[in-house]
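One structure is given below, encoded as structure tokens.
Residue numbers begin at 1 in each chain, while the letters A, B, ... track the order of the sequences. Since the model is a prediction, treat every value here as computed from it, not as a measurement.
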2 protein chains.
Amino acid sequence: MQGWESIRAEVLSRIQTRLWPPGGLIPSEEALALEFGCARATVNRALRELALQGVLERKRKAGTRVAALPIRKATLDITVIRHDIASRGQSYSFHVLSQGLSHPPLMVAARLGLPERILMIHLQTLHLADGKPYLVEDRWLNPAILPDPSPDFTRQSANEWLVANVAYTTGDIAFSAEPANLAEAAALNVPPGTALFITERATFAGDHPITWVRLSHRPGYRLQTVL
Amino acid sequence: MQGWESIRAEVLSRIQTRLWPPGGLIPSEEALALEFGCARATVNRALRELALQGVLERKRKAGTRVAALPIRKATLDITVIRHDIASRGQSYSFHVLSQGLSHPPLMVAARLGLPERILMIHLQTLHLADGKPYLVEDRWLNPAILPDPSPDFTRQSANEWLVANVAYTTGDIAFSAEPANLAEAAALNVPPGTALFITERATFAGDHPITWVRLSHRPGYRLQTVL
DNA sequence: GAGTGGTCTAGACCACCAA
DNA sequence: TGGTGGTCTAGACCACTCC
């Protein structure tokens, strides 16, 4: 093995064997470049990667330390719902439950930084995998970002229209567990109060609020990833 | 603004304005380096970053394309429980509910790739924030990795002993929502069936199984991050 | 075969910040 | 104020893969 990956592996190995203990200072990039017989840029690439991963902590002048309490970073892939279902080999379909213009709940307006009294597009959509309920989408859209006339969300889901037509740059996402309310229970065909996995996301293009969405997943849903 | 970050910003801007549409090919690194008046390595750094983020798709010879269906990557920080609580300004404490040697459930053994009939250390711990139940930890430990005599997990939590003494390299993590079982309900002081946010994690050092743990969070827990 | 991204080099300048 | 990481350059070779 060669290249910066071999250096990353060697550094990780020295950390695991406690040759470089947690909290300890490791040699400078220059020293390591000399030891490994490579350019400093190559060492930099390896150490930068490990710092991103949370294994190392780097500061100018202070040097590079092994993280005392490593903060592992897990990465989750946020995909289009259709892809999520299709990649499991199931057929995808969706059904718009309701659609209209109304005032958003206080929480939604607050999350998007919009006045409470604004009128937003409210969409409730059921997504199905192999014809069975997969998740309920409760979405509030900022009408200011839509073209005139507004797209037909019964043909192309709002989810996909947005990724195709609004290249968003920022947002935040939250996961939680909540009991199914009456609407969710009816849509997913489960008893009210059933534990549901909830994804909530607010999306902005720059400072411009785009949409807020809440996804209520069917029971048994798992969000998985590797560390 | 200068440097590779300005190039990343410019590329992002061209994507958002549809100058470079989704699925479209963008100029080669060499061409962009010429246009921006910088070295190819600088362009490479910017494009590589965007590819990691899921905005671009890169292939040798084929060139660089704007991702047609962008797969956004959310990163979650996996911390030590004590830190999680302390960073919210609350005081941390924990209490071992039960401790012993027994045969793991089939699912735990399977996840770790261990035979079902092996004896593992089984620990149930309640973690508290400001003296109130915060989460229940249900952990199975591979005894093979423990020193003799075994550490006293009533003094230092298994969670922290592991990060301090076993530098693990791999693992997987899953999030779900489940109704509280009787033990969880009693520990967290909530009615059975309450929707709980569950984190399950399997940890390995190389191919060597270390531990499997299930964290049942108190109601209202949210896992949040920015995109 | 040829064009692209992936990586490496040797050198350089700079920003930061602990001593 | 000196040492460290952060970044950039100009050039080079290679691996991959589409044509």
### Task
Provide the full list of ring-ring contact (aromatic ring centres under 6.0 Å, His included) pairs with a residue in residues 11-30 of chain A, sequence neighbours left out, each pair given once.
none
### Query
NA contact type, A:R45, heavy-atom cut-off 4.0 Å: base, sugar-phosphate, or nothing?
sugar-phosphate
### Query
Does any pair with a residue in residues 73-94 of chain A pass salt bridge (charged side-chain N to carboxylate O under 4.0 Å, His left out), and if so which ones, sequence neighbours excluded?
A:R82-A:E160
### Name of the residue among A:R58, A:R48, A:R45, A:R60 meeting salt bridge (charged side-chain N to carboxylate O under 4.0 Å, His left out) with A:E29
A:R58
### Query
Are there more than 12 heavy atoms of other residues, nucleotides or ligands under 6.0 Å from atom CD of A:E30?
no
## Note on the structure
What residues 25-36 of chain A contributes to the DNA chain D interface at heavy-atom separation below 4.0 Å is A:S28, A:E29
### Query
What is the distance, rounded to the nearest whole Å, between atom CG of A:L52 and atom C1' of D:dG5?
14 Å
With a cut-off of 3.5 Å and sequence neighbours excluded, list every side-chain donor-acceptor pair involving residues 142-152 of chain B.
residue: B:N142; atom: OD1; partner: B:A144; partner atom: N; Å: 3.1
residue: B:N142; atom: ND2; partner: B:P209; partner atom: O; Å: 2.9
residue: B:D152; atom: OD1; partner: B:T154; partner atom: N; Å: 3.0
residue: B:D152; atom: OD1; partner: B:T154; partner atom: OG1; Å: 2.5
residue: B:D152; atom: OD2; partner: B:T154; partner atom: OG1; Å: 3.2

### Message
Students should find this one: the first and last nucleotides of DNA chain C, 5' to 3', lying under 4.0 Å from a heavy atom of chain B. What are they?
### Response
C:dG3 to C:dT7
### Message
Could you report the tightest heavy-atom contact between A:A205 and A:I210, atom names first, then the distance?
### Response
N-CG1, 3.6 Å
#### Entry: Comparing A:K59 and B:A41 on DNA chain D - which has the more 5′ nearest nucleotide
A:K59
### Minimum heavy-atom distance B:I85-B:L128, with the two atoms named
CD1-O, 3.8 Å
### Task
For A:K61 and for A:N44, locate the closest nucleotide of DNA chain D by heavy-atom distance; then report the residue assigned to the nucleotide nearer the 5' terminus.
A:K61
### 5' precedence on DNA chain C between A:G37 and A:R60 (nearest-nucleotide basis)
A:G37
### Query
Can you name the residues that form a side-chain contact (heavy atoms from CB on, under 4.5 Å) with A:T42, not counting sequence neighbours?
A:W4, A:I7, A:C38, A:A39
